[in-house]
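All values reported here derive from a predicted model rather than from experimental measurement. Whatever order the structure lists ligands and atoms in, that order sets their numbers, starting from 1.
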Amino acid sequence: MSRDGFGSKIGIIAAAAGSAVGLGNIYRFPCELGNNGGGAFLLVYLLIVLCLGVPVMLSEFVIGRKTQKNPIGAFKMLRPKSAWPLVGYMGVVCALVIMAFYSTVAGWTLEYVVKAVGNQFQGKELSVIEQEFADFHNLGWKNVLWQVVFIFMTGFVVFKGVANGIEKYSKILMPLLVLILIVLAIRSVTLPGAGEGLAFLFKPDFTKITGSVLISALGQAFFSLSMGMGVLITYGSYIKKTDNMTTTALSVTMSDTLVAVLAGIVIFPAAFSFGVRPEAGMGLVFSTIPMIFNQMAGGYFFCIIFFVLLAVAALTSTISLLEVIVAYLVEEVHVTRRWATVIASVACILVGVFASLSLKDTSVLRVGGKSFFDFLDFLSANIFLPVGALLIVIFVGWVMGKSKFFDEITNEGQLKLSIKTLIFFIIKFVAPIAIAVIFITGLI
Ligand code: PFF
């Protein structure tokens, strides 16, 4: 079967970075950081990204490009008649789980675009903006409506195919998002009382590092880099045989981390300045950011542009999630791309509706003391992704082996790569041990 490929090298970097950069950086990262001790979390997070980011990402790229297949097909091809394809199936399930709650938040970005256009934040006190955000959750149907719209938008782009769909959208808009974050960061750090927020972010209190902080940082790192569930295997399958995957992995990891840290610099100084608690969770972003725009010249326009770009960043991530399910249905179940997109979108909506509705104050949709939304978030980031990433590095390090790995990352010996031995050492020994230890400590 002929498969779409990415038109250019920048295409695959843009698409993988598009998958990585999203609500995970701007919404989830500040929430996790705020709930897990601030600077200590940032430090652990950066260490994990630095040590594991590129090696784990490369492991996925290698599996994808070598086989030119979706995650399930890839494992079936490399180890037929074994249990390894289960890792691929787990990835497809995980994509559905993430889509279900991620599309809820993605839907909010659309609501906020509309609010921004209607100038509905102007001159309002923080408490009013916070109350309106809470009221919006309690109007369950409106969340669901935006969520469905968002999933339709995702399905539309995915249906149009990989090369001309994803690539076109990612290339121009992501740098624009970085630019607006920089503008916001400058405004945020110059607000009165911003220093306290910067200290919260950058001054680690080592006594705060616990098992749960470690697993949250690990989960957040994998979530943010879209690792551990096959998105990058799928995207790897579209990388050309002549591309340098190591520099691709490095660029994606660096851009993603830059955006996350930038989001932290935007949110915390402003949150401390306005009196939003760092543990405020969702409100941290959806209340603090409109407040910053309220304090800025041209805030009305910047606010619209920001929420539009945030929606686009979310879209390039949901596209990658849906693509995992669609590629599986097309290549393994042999349905047409059109039907695969319809089936995958409907499945995401069916589970997603419960995630959205579970956020109402009166909702009974709870699992183990958490709302269904939080449960799906926890399940994916703290269980599925670490386990998935662990199995992927074990596969590359111990099953596939060094020579096949080297052949693939050096393009059959064409590229000179002095750090290849170090990368393989991390994949074979450091990553499995680190992930397993953090995962077990976190569970205990
Ligand atoms: N990395 C995306 C973000 O940070 O918003 C979310 C995500 C996309 C997670 C794709 C996992 C994934 F496979």
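With a 6.0 Å cutoff to the six-membered ring centre and a 45° limit on the axis angle, Lys76 does not count as a cation-pi contact of Trp84. A cation-pi arrangement is absent between Arg366 and Phe375, since the terminal nitrogen or guanidinium carbon is not both under 6.0 Å from the aromatic centre and inside a 45° cone about the axis.
Within 4.0 Å of ligand 1, the residues that place a heavy atom are Ser19, Ala20, Gly22, Leu23, Gly24, Asn25, Ile98, Tyr102, Phe223, Ser224, Ser226, Met229, Val231, Ser317, Ser320, Leu321, listed by chain and number.
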Full working for side-chain contact (heavy atoms from CB on, under 4.5 Å) between Trp146 and Tyr112 = CA-CA 10 Å; Trp146 283 126; Tyr112 272 60; over 6 Å; no
Show your working on salt bridge (Lys or Arg N to Asp or Glu O under 4.0 Å) between Lys69 and Glu331 and close with a plain yes or no.
-> CA-CA 8 Å; Lys69 285 198 182 306; Glu331 289 169 20; 5.8 Å; no
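Remark: side-chain polar atoms of Tyr102 are paired, donor with acceptor, to backbone N or O of Leu23 under 3.5 angstrom.
Donor-acceptor pairing under 3.5 Å is recorded for the side chains of Asn25 and Asp256.
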